[in-house]
Amino acid sequence: MAGFRALAREVRNPRNTIALRRTSLRKCLERFAPYGHRATWRHLCARAGLAPDDRAPDPALLIAALVELEEAREVWLAYEARFAGRRRREKHHGIRQPSAIDDWYRNTWGGCDIVPCASPDLTPDARLADVLRRVIAAMESAPGDACPVCAQEHVEWRTDLERYPLEGPVCTDCGIVVPVSVLTPAARAAARRRTFAGRYAGV
């Protein structure tokens, strides 16, 4: 099975048919898809100007989408290296108890669903790399009251998510499932209140 870099070379190879180059880009998302496969594809298409269902897109647009994906992957690989180094140091000092960051990382292993989106139709406007940097910074900082990606406080608690986590806080502005540990207890409680308020508003 081809790895991410081999697939990226196939996307760039001008001797390949445009259909194969497009398929190779889609397969890259099986190796690295921060928002989940469908949401990441929709995001890359929107930013590059690709039609998601176009079977013969402009090669330059495919490359633009690939470049954004590669940039985000480099951010993630650097974080993984830092994370591994930190855990080695902690274990050397006898710290075995996992932290909230460890729980988040364990559920994002492999580079998929790092920052899952509740719907593929709503993803952050920013580049993938910038989104990852903001979420990583939030995971390594004290909890806050707003979405770490768009800084808005419009967060609602959802119990109908399709993938892990099956429930949690979702930013109604940028669409991400906000890691619970980056929000203060007050922000999590407010998210639950907004959900119940909206559910019973018409009763």
Side-chain angles (χ1 to χ4, degrees), residues 25-26 28-54 61 64-73 75-76 79 100-101 103-105 107-141 143-184 186-199 201:
L25 180 59
R26 291 299 300 262
C28 283
L29 301 183
E30 295 173 9
R31 313 298 187 273
F32 182 72
Y35 298 154
H37 191 285
R38 286 196 305 151
T40 303
W41 176 247
R42 292 285 187 88
H43 170 87
L44 292 174
C45 287
R47 286 192 53 85
L50 283 164
D53 297 324
D54 186 355
L61 302 183
L66 176 63
V67 167
E68 178 168 351
L69 189 64
E70 288 177 321
E71 180 187 11
R73 185 170 177 267
V75 170
W76 184 246
Y79 171 73
I101 295 178
D103 290 340
W104 176 67
Y105 177 77
N107 290 305
T108 58
W109 186 87
C112 292
D113 292 316
I114 299 168
V115 188
C117 291
S119 167
D121 298 321
L122 179 60
T123 63
D125 292 330
R127 291 180 70 81
L128 281 170
D130 292 335
V131 169
L132 290 182
R133 290 187 187 100
R134 292 171 193 173
V135 174
I136 289 169
M139 291 299 300
E140 297 175 339
S141 305
D145 294 321
C147 170
V149 172
C150 65
Q152 299 296 323
E153 296 185 6
H154 306 147
V155 177
E156 294 182 353
W157 195 271
R158 293 272 299 274
T159 58
D160 58 347
L161 303 178
E162 295 181 357
R163 300 181 309 280
Y164 181 89
L166 296 177
E167 67 174 272
V170 173
C171 178
T172 60
D173 284 288
C174 71
I176 73 158
V177 180
V178 182
V180 172
S181 59
V182 308
L183 295 174
T184 63
R188 297 197 297 269
R192 285 189 167 91
R193 285 196 301 272
R194 288 188 193 97
T195 300
F196 289 119
R199 186 175 299 171

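Worth saying up front: this structure is predicted, and the values here are computed from it rather than measured. Nothing fancy with the numbering, it's 1 onward along the sequence.
The CG atom of Leu128 sits 4.5 Å away from atom OH of Tyr35, with the distance rounded to the nearest 0.5 Å. Put simply, CG on Leu29 and CG on Leu44 are 6.0 Å apart, with the number rounded to the nearest 0.5 Å. Between the NE2 atom of His43 and the CG atom of Leu122 there is a distance of 12.0 Å, given to the nearest 0.5 Å. To the nearest 0.5 Å, the span separating CG on Leu69 from CZ on Arg47 amounts to 12.5 Å. For the atom pair Cys45 SG and Asp54 CG, the distance stands at 9.0 Å (nearest 0.5 Å). Taking CH2 of Trp157 as the start and OG1 of Thr195 as the end, the distance is 9.0 Å to the nearest 0.5 Å.
When all heavy atoms are compared, the tightest approach of Val155 to Arg194 is O-NH1, 2.9 Å. For the residue pair Ser181 and Pro143, the shortest heavy atom distance occurs at O-CG, 3.7 Å. The nearest pair of heavy atoms linking Ala137 to Ser141 is O-OG, 2.6 Å. Minimum heavy-atom separation, Arg42 to Pro120: CB-O, 3.5 Å. In terms of heavy atoms, Gly36 sits closest to Arg163 at CA-NH2, 4.0 Å. Pairing each heavy atom of Ala118 with each of Val170, the nearest pair is CB-CG1, 3.9 Å.
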message = Working note: Ile136 + Val75, criterion side chain to side chain contact (heavy atoms under 4.5 Å, CB included); need CA distance, chi angles, decisive distance, verdict.
response = CA-CA 10 Å; Ile136 289 169; Val75 170; 4.3 Å; yes
query = So Cys112 and His37, side chain to side chain contact (heavy atoms under 4.5 Å, CB included) or not? Walk me through it.
reply = CA-CA 8 Å; Cys112 292; His37 191 285; over 6 Å; no
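Inter-residue side-chain proximity for Asp173 and Cys147 is flagged as unmet; no heavy-atom pair is nearer than 4.5 Å. Residues Cys117 and Pro124 have side chains in contact (heavy-atom distance under 4.5 Å, counting atoms from C-beta outward). At a threshold of 4.5 Å between non-hydrogen side-chain atoms, the residues Ile114 and Trp76 count as touching. Asp125 has its side chain out of reach of Cys174: every pair of non-hydrogen atoms, C-beta onward, lies at least 4.5 Å apart.
Arg188 contributes a side-chain N or O that, together with a main-chain N or O of Leu183, makes up a donor-acceptor pair within less than 3.5 Å.
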